[in-house]
Protein chains: 2
Amino acid sequence: MELNVFEKGAPRQNLAISAYQQLKHDIIRGLYAPEQKLLMSRLKEQYGASTGPLREALSQLVADRLVVAISQRGYRVAPMSLAELNDIYDARAQLEGLILRLAIERGDDDWEAMVLATAHRLAKVTDVSTPDELLDIWDQRHKAFHTAIASGCNSPHLLQMRDTLFNQVERYRHLWLQETVMSPQALELKRQEHAALVEVILARDTAQADSLMRDHLMTPVPIITRVLEARGIR
Amino acid sequence: MELNVFEKGAPRQNLAISAYQQLKHDIIRGLYAPEQKLLMSRLKEQYGASTGPLREALSQLVADRLVVAISQRGYRVAPMSLAELNDIYDARAQLEGLILRLAIERGDDDWEAMVLATAHRLAKVTDVSTPDELLDIWDQRHKAFHTAIASGCNSPHLLQMRDTLFNQVERYRHLWLQETVMSPQALELKRQEHAALVEVILARDTAQADSLMRDHLMTPVPIITRVLEARGIR
DNA sequence: AGAGGAATATATTTATACAGAATTTCAACA
DNA sequence: TGTTGAAATTCTGTATAAATATATTCCTCT
């Protein structure tokens with residue numbers, strides 16, 4: 001009998017797909033510098049795939065705006081800039097605000113329950129052991145919390161756009177996570193922000209929720225700005 | 001000296017790129033039915049490219065959500081449904097509303113000038129000769145008008161999301177354009193809607209503009225619904 | 001005889017290796 | 001210093017081979 005590693009319905013792994021996932025991961029984590037050339041020969045040995053699948057993976061990363069392609073001149077990691085940082089975070093705050101207002105308008109009881117549940121899981125994350133594990137689990141539950149809130153808007157296409165934008169944000173956001181080592185104080189502050197968010201959301205206070213969400217999303221920008229400037233990126 | 005056909009910065013033509021553009025065009029124009037299988041062998045002779053470039057083109061169409069890929073089972077044209085129609089148009093109305101509010105808030109004098117200019121070009125489109133040409137030119141200037149309005153928001157990323165969503169809308173929108181043969185009356189009605197939009201936009205009347213824009217964008221939905229139902233799509 | 005299911009055959013996707021075209025590099029020279 | 005022109009590198013596309021899925025045939029059992 002064959003051993004079936006994959007979930008039912010999940011697409012079986014291609015070289016193109018796995019190369020795409022790994023490359024994306026590595027670019028977001030800053031393994032390759034912005035504007036660095038992505039040499040086929042290097043990628044081939046790095047990801048164990050040949051030109052065909054790799055070009056396919058790179059095409060998708062171009063669509064994600066994490067890579068730029070110049071015909072006959074290969075692929076490069078997309079540049080980073082303060083202008084892009086500001087625009088991405090602004091666009092994200094605007095979009096997330098829109099989605100939140102819709103969610104408050106459209107969300108049902110299941111949605112409220114989901115928001116409460118994910119908020120609770122996030123608040124309880126202080127218990128775990130090592131700092132590395134803490135950061136991983138906190139980030140994962142933090143994403144789940146915000147995704148739960150957004151899901152209330154009930155629009156697959158708006159949520160898809162939110163995802164796409166998040167992919168682009170994540171490269172900048174990673175700089176923030178590296179910088180902020182998640183002190184107990186910072187964690188407690190975030191916990192309070194989230195609690196406040198939950199409260200106004202469940203009270204269906206659109207204006208207040210919108211405002212809190214914006215502030216919550218924009219806080220990393222000054223820190224990331226500092227990091228980028230320190231690296232000579234303007 | 002080399003002859004340079006292309007704009008500065010515009011990517012030079014690849015087989016992958018031209019195959020992508022043609023395929024996208026053909027899918028939007030309904031040349032391939034929803035869920036129709038896209039056979040490599042057929043695509044190869046149709047677009048004069050071999051598997052490599054074609055897979056690359058198809059990858060990008062998957063990112064555009066115009067094509068779906070199933071591992072080891074090839075590519076299919078993305079399905080269409082009433083649910084998707086409604087969600088796409090809703091998401092678009094919401095996003096366009098958001099962008100319009102920001103444009104009214106942020107747009108400068110150049111923006112106002114551009115809105116007026118493109119509105120004028122659109123209003124003057126009745127003069128041209130054949131009906132086919134009329135539809136082409138009207139559609140082109142109509143897009144330019146709405147793009148000019150949106151550009152005021154001053155956010156490349158929001159405009160990029162708008163573009164992406166518009167690609168997905170266009171397959172449905174094409175059904176509407178085919179159905180509405182652009183009678184002089186319909187054209188006159190649209191002209192009035194656009195004039196009203198320009199007026200409230202320049203008056204910076206956010207609420208009114210938002211409301212007019214929503215109505216303007218949502219009008220095709222009932223007609224497209226009828227067409228889809230007539231084709232047995234629900 | 002007809003339905004169900006294994007076994008075979010065909011078709012299709014996926015990956016690789018190679019050939020041709022374009023670009024970049026780098027040294028020689030004005 | 002700047003330019004020119006080969007050599008090397010790299011990108012782009014095709015042909016081919018391997019893996020996988022789909023269709024067909026044929027056999028068995030009720």
Side-chain angles (χ1 to χ4, degrees), chain A residues 1-24 27 32-33 35-63 66-79, chain B residues 1-24 27 32-33 35-63 66-79:
Chain A
M1 198 213 278
E2 289 286 327
L3 113 110
N4 187 4
V5 194
F6 306 102
E7 294 295 312
K8 179 185 133 198
R12 190 125 91 280
Q13 212 76 336
N14 268 358
L15 277 186
I17 294 174
S18 68
Y20 165 74
Q21 291 168 339
Q22 289 181 63
L23 245 169
K24 180 167 148 187
I27 290 172
Y32 303 98
E35 310 196 49
Q36 180 178 336
K37 191 154 202 316
L38 295 169
L39 226 42
M40 269 311 176
S41 50
R42 193 170 181 297
L43 297 177
K44 266 155 92 167
E45 60 180 41
Q46 183 75 29
Y47 301 100
S50 69
T51 52
L54 275 179
R55 286 183 68 82
E56 210 175 320
L58 288 163
S59 287
Q60 292 193 242
L61 288 166
V62 169
L66 288 171
V67 165
V68 293
I70 305 169
S71 193
Q72 319 280 44
R73 251 171 274 183
Y75 297 88
R76 288 174 175 278
V77 176
Chain B
M1 198 215 277
E2 290 284 328
L3 117 107
N4 188 3
V5 195
F6 306 101
E7 295 294 315
K8 178 185 131 198
R12 192 133 88 278
Q13 212 74 339
N14 267 359
L15 275 187
I17 294 173
S18 69
Y20 165 74
Q21 290 168 340
Q22 288 182 63
L23 244 169
K24 180 166 146 185
I27 290 173
Y32 303 98
E35 309 197 49
Q36 181 179 332
K37 191 154 203 308
L38 295 169
L39 227 41
M40 268 314 175
S41 50
R42 192 170 181 296
L43 296 177
K44 266 156 91 168
E45 60 179 41
Q46 182 76 27
Y47 300 99
S50 69
T51 51
L54 275 179
R55 286 183 69 83
E56 214 173 313
L58 287 163
S59 287
Q60 291 195 240
L61 288 166
V62 169
L66 288 171
V67 165
V68 291
I70 305 168
S71 194
Q72 319 284 31
R73 250 172 277 183
Y75 296 89
R76 290 173 174 279
V77 176

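Bear in mind that the values here come from a model prediction, so they are computed numbers and not experimental data. Keep in mind that the numbers below use all heavy atoms, side chains included, and drop hydrogens, waters and symmetry copies.
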Discussion item. Whether K37(B) contacts dT22(D) is assessed here as follows: a side-chain N or O lying under 4.0 Å from the phosphate OP1 or OP2. Is that the case?
Written reply: no
Item to complete: For E35(B), enumerate each residue passing the side-chain hydrogen bond (donor to acceptor under 3.5 Å, both in side chains) test, keeping only those at least two apart in sequence or located in another chain.
Response: none
Worksheet item: Rounding to a whole Å, what distance do you find between L54(B):CG and dA15(C):P?
Response: 16 Å
Worksheet item: What is the minimum heavy-atom distance between G74(B) and K37(B), and which atoms define it?
Response: CA-NZ, 4.4 Å
Worksheet item: Which nucleotide sits closest to the side chain of N14(B): dT12(C), dT23(C), dG13(D)?
Response: dG13(D)
Worksheet item: Which nucleotide in the list dC11(D), dT16(C), dT14(D) gets nearest to the side chain of P53(A)?
Response: dT16(C)
Discussion item. Please find the pair of heavy atoms, one from A57(A) and one from A16(A), that lie closest to each other, and give the distance.
Written reply: CB-O, 3.6 Å
Response to the item:
Separation between CD (Q21(B)) and CG (N14(B)), nearest 0.5 Å, reads 10.0 Å
Fill in: Nearest-nucleotide pick for L39(A), side chain only, options being dT22(D), dT10(D), dT16(C)
dT10(D)
Discussion item. If you compare every side-chain N and O of R55(B) against the phosphate oxygens of dT13(C) (OP1, OP2), does one of them come in below 4.0 Å?
Written reply: no
Worksheet item: For the pair made of CG in L58(B) and P in dT12(C), what is the distance, rounded to whole Å?
Response: 15 Å
Discussion item. Per the salt bridge (charged side-chain N to carboxylate O under 4.0 Å, His left out) rule, what does the pair list look like for residues 48-60 of chain B, sequence neighbours excluded?
Written reply: R55(A)-E56(B), E56(A)-R55(B)
Worksheet entry | Any Q72(A) side-chain nitrogen or oxygen under 4.0 Å from OP1 or OP2 of dT12(D) | yes
In a table with atom names and distances, give each donor-acceptor pair under 3.5 Å that connects a side chain of residues 40-50 of chain B to protein atoms at least two apart or in another chain.
{"from": "Y47(B)", "atom 1": "OH", "to": "D26(B)", "atom 2": "OD2", "distance (Å)": "2.7"}
{"from": "Y47(B)", "atom 1": "OH", "to": "Y32(B)", "atom 2": "OH", "distance (Å)": "2.7"}

Worksheet entry | Atom-to-atom span, CD of E56(B) to P of dT14(C) - whole angstrom | 15 Å
Fill in: DNA chain C contacts among residues 42-52 of chain A, heavy-atom distance under 4.0 Å
A49(A), S50(A), G52(A)
Fill in: Spacing of L15(A) atom CG relative to dA17(D) atom C1', expressed in whole Å
15 Å
Practice prompt. Would you please confirm or rule out a distance under 4.0 Å between OP1 or OP2 of dT24(C) and any side-chain N or O of R73(A)?
Written response: yes
Worksheet item: Nearest-Å distance, CE (M40(A)) to C1' (dT12(D))?
Response: 9 Å
Fill in: Residue list, side-chain contact (heavy atoms from CB on, under 4.5 Å) with V67(B), at least two apart or on another chain
I27(B), L38(B), L58(B), L61(B), V62(B), Y75(B)
